[in-house]
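To start, the structure itself, in structure tokens.
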Amino acid sequence: MGNLTPELAALRDETRDLAKSYGLDFYEVIFELVDYDELNMIASYGGFPTRYPHWRFGMEYEQLSKSYAYGLSKIYELVINNDPCYAYLMRSNAITEQKLVMAHVYGHCDFFKNNAWFSHTSRKMMDVMANHGSRIRRYMDRYGQERVENFIDLVQSLENLIDPYSPYIDRGTDRRRAPPRKDDQDSREVQKIAAKDYMDRYINPPEFLERERERLDQEDQQARQFPARPERDVLKFLLDYAPLETWEQDVLAMLREEAYYFAPQGMTKIMNEGWAVFWHSHMMTRHLCDASEIVNYCDTHSGTLGTSPGQLNPYKLGVELFRDIEERWNTGKFGVEYQSCDDPEVRKNWHRPTNEGRAKVFEVRRIYNDITFVDEFITPEFAEAQKMFVYGQDPQTGEIVILDRDYTKVKTQLLEALTNHGNPIIKVVDANHKNRGELYLVHQWVKGDLQLDEAMLTLQGLFQLWKRPVHIETVQDGKGRLLSFDGEEASTQEVTSSHPVTGRVGVGSEKQSEAEAEN
Amino acid sequence: MSVRRIDQDHTRFRNIVRGKIKHDLKRFVSSGELIGKQGQRYVKIPLPQIQLPRFRHGQNEGGVGQGEGEDGQGVPGQDGEGAGEAGEDPGQHMLEVEVSLEDLAKILGEELELPNIEPRGRKNVRTYAGRYTGISRTGPNSLRHFKRTFREALKRQIASGTYDPEHPVVVPIREDMRFRSMETREIPQASAAIIYMMDVSGSMGREQKEIVRIEAFWIDTWLRHQYKNLEVHYIVHDAVAHEVDQHTFFHLRESGGTKISSAYELCTQLIRDKYPAQEWNIYPFHFSDGDNWSARDTEHCVSLLKDSILPVCNQFSYGQVKSAYGSGQFKKDLDGAFRGTERVVTTDIMDREGILPSIKTFLSKGR
């Protein structure tokens, strides 16, 4: 397994045993030694060298290679969530860096295996990706590269329209076929309860008839309404109901599966990196580094954790949070009494040794994701110690400036940015819009308008899949907008209200999973 | 080594880029946006439309940062990527693709269906090129010829009787080392000289010069693709002519009369001094708005062309840029004087849209 030099193999064994002794728990890790070009190549394929062919990976490769050649960036480590885990080491790295990378990788592998949000990802993804690759190649042979590639382009451009929480929540299945597109919309007659003429007034009073009529209308409405509830997994909806050829369905299903595989990595970026840094720094400084290496280690390590004012470093934020949690749970800074204490002096000097810190960080790495992690563990003290701030445009000068250091604002801003991994939340609300089989999507506005020109292009791609006019309702500068494309003409109009049945139906029930702005 | 998967995808990507550039060539040419993005061998071309579109949030108005600073203090290094977006998305950066000038010339050639130039073969300039074909006893280790070294060592060991076939260990010593060495060879090389002449009299405005500049860029690109060894000269003239450098050529603003013959005389002299016709492919280009001092001077120009310039150059090209003041008479005069002479090519460039057709006319003769 792997192709490590004897020296590196020995180092791997040492690091692995050390990691295990700390309670890290991972699938076997296979390290491969590769040169920078191979690493760039593998990274372009998202870590899977056998992935399906697509020009976008070639573009990625060109950018990585250029940026490496100009000395702008260098990939240190690449690790794949799989059983066994695969990790790549750059051949040209010095031994200290290799140690660091190995320790870091064991952190990631433990996270992959134990974090709940990864529990639904396939652990045989290497094989799955290879199968996808060969299937797509076969389709290319049969239907032509251009044709298959164009279809992949369309799907990739909708790739972010999945429901990242669906693997964990049973939303029920909506297996109904689309209702027949019929034109007779006459509502049914209200059935009176049989009664003698003189009793009719009492047995069938007008209020009752009115209620009945409303009920029937609603039933009709629901029967016509398809999907019955707004569907956030747009890819799945297309897979089930768009008029696609068999091979197209297969390609769409494969790409959707890949999107779901990668989703938890987006949902836990801060935690995953934080956890890996937490462990590499722990193991390096206590065990793996000898005195001659410590300066090199610090140099590399500080490069990883460096912050620039305008960009939040997930490595830094993650590791600081884990350290803070460990410290708090070691000194008893938690629970009702601590929470309700208002005296900053007392809080600061709080010391009731509980030594639950280590257990707590392991628990956190098991059940949290970035949103809940940030929401629960960023405290006023933490935000202040980390000098966190909110930046934005100065309304007068238009410059990007520091706006506020208030901790609730910092947290709100951060949570909003993390919501749905920064992607807009978009749902299918009606697949039979205007009773003409048109597809109606609603952008559930949380914060931030859509990039309109790009949205229109995406919509045009969607049309090619749905093959009937498509619409998306969104909010722009506080006003409702409806973008439509009917195959020939793209149009934008203002809409005052949202779609009759409103896309906001599902919102309430999703509060447990979605980041909600605090206060 | 077999073809790597990534190479196929990369080639595919490059082809898509080429396709996009070809498709938008007209826009690139008339906007002139490629010039100035030009490096030694590459141009950077902004291609936003190559990214797959997505539903995504627009301009990010804020985010969370870390560090010192008062409220209201500027945030440096802020490039539009907020927290949580550090993932795989490239953010809102405009994608710039590097394309080599060589490729650009090919694209231009394909799009305009330009024929390759048949260099005049009489006598070509020779250049020297080194190739690693020789073997020497000294050299850097990176050039060590393993097989030869081994053979020498084996020879020596057999000769000295230290070689044991049962235990065939061959250890080369310093004297056995052989290295690849470079041998220089002369290879024939076609060479070309371009001489740009431009009227900088008062009537040539900023826009007219911009048009000339864009056109010159593309002509340069094409001819460089055709000739390895290309020399370029710039002549500006109003009533008198001067040879200038590239920057001056495009930025100089003179005012005054126009005596075209002055430029043609300087051009003749330049050719006579530097570029013997049997060794060089010579391409004079002249751009003006068509006004000349007098009919007498125009006659003088015609005779200079006939007697001195045409006999030695591959093709004489005249581009007449429309300006508010120019009469456009000069082109008519040239066309009249050189009717039936294929080696004089004249075009009218009305505006930026006219650049591409004009280039096509100039270069489609394959001369």
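In what follows, every chain begins at residue 1, and chains take the letters A, B, ... in the order their sequences are listed. This structure is a prediction, so every number in the text was calculated from the model and none was measured.
When A:Met388, A:Glu159, A:Met456, A:Glu62 are compared by the number of non-hydrogen pairs under 4.5 Å with chain B, A:Glu62 comes out ahead. Heavy-atom pairs under 4.5 Å with chain B were tallied for A:Leu462, A:Val401, A:Leu403, A:Asp394; the largest tally goes to A:Val401. The greatest number of non-hydrogen atom pairs below 4.5 Å with chain B, out of A:Asp370, A:Asn160, A:Leu158, A:Leu154, is found for A:Asn160. Top candidate by heavy-atom pairs under 4.5 Å with chain B, chosen from A:Gln156, A:His54, A:Glu399, is A:His54. Top candidate by heavy-atom pairs under 4.5 Å with chain A, chosen from B:Arg12, B:Arg14, B:His10, B:Glu98, is B:Arg12.
Between atom NE2 of residue B:His57 and atom CG of residue A:Leu450 there is a gap of 6.0 Å, rounded to the nearest 0.5 Å. Here the CZ atom belonging to B:Phe55 is positioned 9.5 Å from the OG1 atom belonging to A:Thr474, to the nearest 0.5 angstrom. Atom CZ of B:Arg5 is separated from atom CZ of A:Phe57 by 12.0 Å, given to the nearest 0.5 angstrom. Within the model, atoms CZ of A:Arg51 and CD1 of B:Ile6 stand 11.0 Å from one another, a figure rounded to the nearest 0.5 Å. Between atom CD of residue B:Glu68 and atom CZ of residue A:Phe389 there is a gap of 10.0 Å, rounded to the nearest 0.5 Å. Taken from CE in A:Met59 to CD in B:Gln51, the straight-line distance is 4.5 Å, to the nearest 0.5 Å.
For chain B, the nearby part of A:Lys316 is the side chain; its heavy atoms alone come within less than 4.5 Å. If you measure heavy-atom distances from A:Gln145 to chain B, the contacts under 4.5 Å come from the side chain alone. Both the backbone and the side chain of A:Asp153 come within contact range of chain B, judged by heavy atoms closer than 4.5 Å. For A:Leu457, the parts sitting under 4.5 Å from any heavy atom of chain B are the backbone and the side chain alike. Using a 4.5 Å cut-off between heavy atoms, A:Glu149 touches chain B through its side chain atoms alone. Contact of A:Leu452 with chain B is not made at all, since no heavy-atom distance falls under 4.5 Å. Residue contact with chain B, scored on non-hydrogen atoms closer than 4.5 Å, involves the side chain of A:Ile472 exclusively.
Pairing each heavy atom of B:Val64 with each of A:Val410, the nearest pair is CG2-O, 3.5 Å. In terms of heavy-atom proximity, A:Trp55 sits nearest to B:Phe13 at O-CB, 3.6 Å.
The environment of B:Lys360 atom NZ is dense: over 12 non-hydrogen atoms of other residues, nucleotides or ligands sit within 6.0 angstrom. Summarising the local packing, CD of B:Glu207 is surrounded by more than 12 heavy atoms from other residues, nucleotides or ligands at distances under 6.0 Å.
Comment: A:Asp37 engages B:Arg4 in a salt bridge, judged by a side-chain N to carboxylate O separation of less than 4.0 angstrom.
Remark: the backbone N or O of A:Lys387 is not paired with any side-chain donor or acceptor of B:Gln66 at under 3.5 angstrom. Between the side chain of A:Ser157 and the backbone N or O of B:Pro53, at least one donor-acceptor pair lies under 3.5 Å.
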